[in-house]
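Working notes for the structure below.
Quick caveat, the model's predicted, so the values are computed rather than measured. So you know, we letter chains A, B, ... as the sequences are listed, proteins then strands, and number each from 1.
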Amino acid sequence: MKKFADLKFRFGICLAAVAAPATAHHSFAMFDQNRQVELKNVTVTRFEWTNPHSFVYVKDGTTTYMLECSSPNLMTHQGWKFNTLKTGDEIGIIFYPLRDGKPGGMLKTVKFRSGQSLNAW
Amino acid sequence: MSGLKIFKGMAFIAAIAAIFTHLSAVSAASVVPGPNISGVWERYPSPFSNDADVFADLPVPDGGPDLKEPYASAWKAQRTKRLAAIQVGKPLVDASTLCLPEGMPTIMGAIYPIQILQTPGQVTVLAEFLTQTRRIYLDQPMPAPDDLAPSYYGFSSGRWDGDTLVIETRGIREDVQFFEIPHSAAMKITERLRLIGPDLMENKIVIDDPAYLKRPYIVTFGYRRKNDYRIMEYVCDHLKDVINKDGTVSIDASDGAR
């Protein structure tokens with residue numbers, strides 16, 4: 001866990017731009033909303049563009065993280081498409097980690113090599 | 001008969017057929033009563049009081065119901081239990097986590113967009129959330145209780161009262177609950193749906209249930225038409241939720257290698 005760069009939680013302007021049906025399918029209480037974790041170089045292993053929520057899987061060394069995103073509807077407003085991420089893409093991520101310590105969380109932001117970023121919430 | 005004449009004759013027949021097709025379409029459209037409420041609608045304003053708070057659970061709308069005892073205490077205890085579970089990061093399972101339909105009146109909360117279709121004799125609500133279908137029959141009598149099998153959406157009978165679509169719904173299963181509010185088999189839901197702008201609509205919902213409620217519970221939902229959005233499919237075939245024995249929900253983070 002030491003390689004995590006823990007960021008102090010604050011309400012980002014990006015976050016405020018999304019009205020999210022967080023609890024449509026299940027509560028998001030399993031994620032730690034008071035902590036953000038940044039991984040600067042991970043590899044996408046799967047991207048599921050599905051209702052009620054999209055999922056991104058990334059690999060960091062030998063650890064695979066499962067990251068839950070918003071709904072495709074709201075992500076579309078942010079500029080996402082079904083093929084925004086492809087297996088093998090190298091990206092940076094910021095996410096709210098699972099409270100039970102398992103490798104996963106709620107994806108907040110994806111940072112691309114081009115310097116662009118997209119919010120998943 | 002030359003080939004050209006046959007071609008001309010066929011073209012004429014095709015043209016006549018096209019006109020009849022067009023006329024029958026016009027005639028079908030003309031029997032759809034009331035204002036045009038068809039289209040894709042999203043909840044507006046957003047039910048989330050604070051847009052920044054993406055972790056918050058949906059608040060109970062319009063102050064919640066005024067329940068009789070012992071239902072009031074039981075409902076309050078259940079909501080307290082759910083809130084406490086959320087605070088410790090172990091949310092309790094609910095119907096939507098299990099992919100069970102929302103039913104009435106929850107579907108009208110449009111947490112994901114809904115699409116309304118108007119056809120002769122029927123208004124249909126198609127919800128993106130869980131791919132639900134709700135049928136509202138126009139100018140049809142409410143079946144007698146003995147003929148009303150309890151169901152998720154009940155039986156909805158609608159009629160246009162001027163510019164307002166008034167819909168009465170009965171026959172909702174007692175285990176199909178709006179924010180876990182208990183109700184009797186005799187619960188009646190009356191909706192008054194009307195346009196309040198070219199692309200804005202209001203749904204005033206009155207829930208009558210004298211056996212459980214001290215007074216009718218009134219909820220108002222607003223919607224904004226969003227016809228540039230196409231409803232996406234929603235299939236519960238890829239869920240990561242794990243329903244634990246204690247009724248809490250956690251996420252299976254292990255299937256990344258699948």
Greatest number of heavy atom pairs closer than 4.5 Å to chain A - which of B/A85, B/P113, B/P91: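 Heavy-atom pair counts peak at B/P91.
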
Identified side-chain hydrogen bond (donor to acceptor under 3.5 Å, both in side chains) counterpart of B/S38 within the set B/Q115, B/R225, B/Q118: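 Option passing the side-chain hydrogen bond (donor to acceptor under 3.5 Å, both in side chains) with B/S38: B/Q118.
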
Validation row: B/I116, B/M201 side chains within 4.5 angstrom (heavy atoms):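 A side-chain contact exists here, since the closest heavy-atom pair is under 4.5 Å.
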
Pairwise side-chain contact, B/V93 with B/T248, heavy-atom cut-off 4.5 Å (strictly under):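 They are not in contact (no side-chain heavy atoms under 4.5 Å apart), so the answer is no.
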
Residue A/L67 versus chain B: region with a heavy atom under 4.5 Å: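 The answer is neither part of A/L67.
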
Proximal component of B/E233, with respect to chain A [non-hydrogen, under 4.5 Å]: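 The backbone, not the side chain.
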
Within 45° cone of A/F31 ring axis and under 6.0 Å: A/R99 NZ or CZ: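 No; the conditions do not both hold, so A/R99 does not lie above the ring face of A/F31.
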
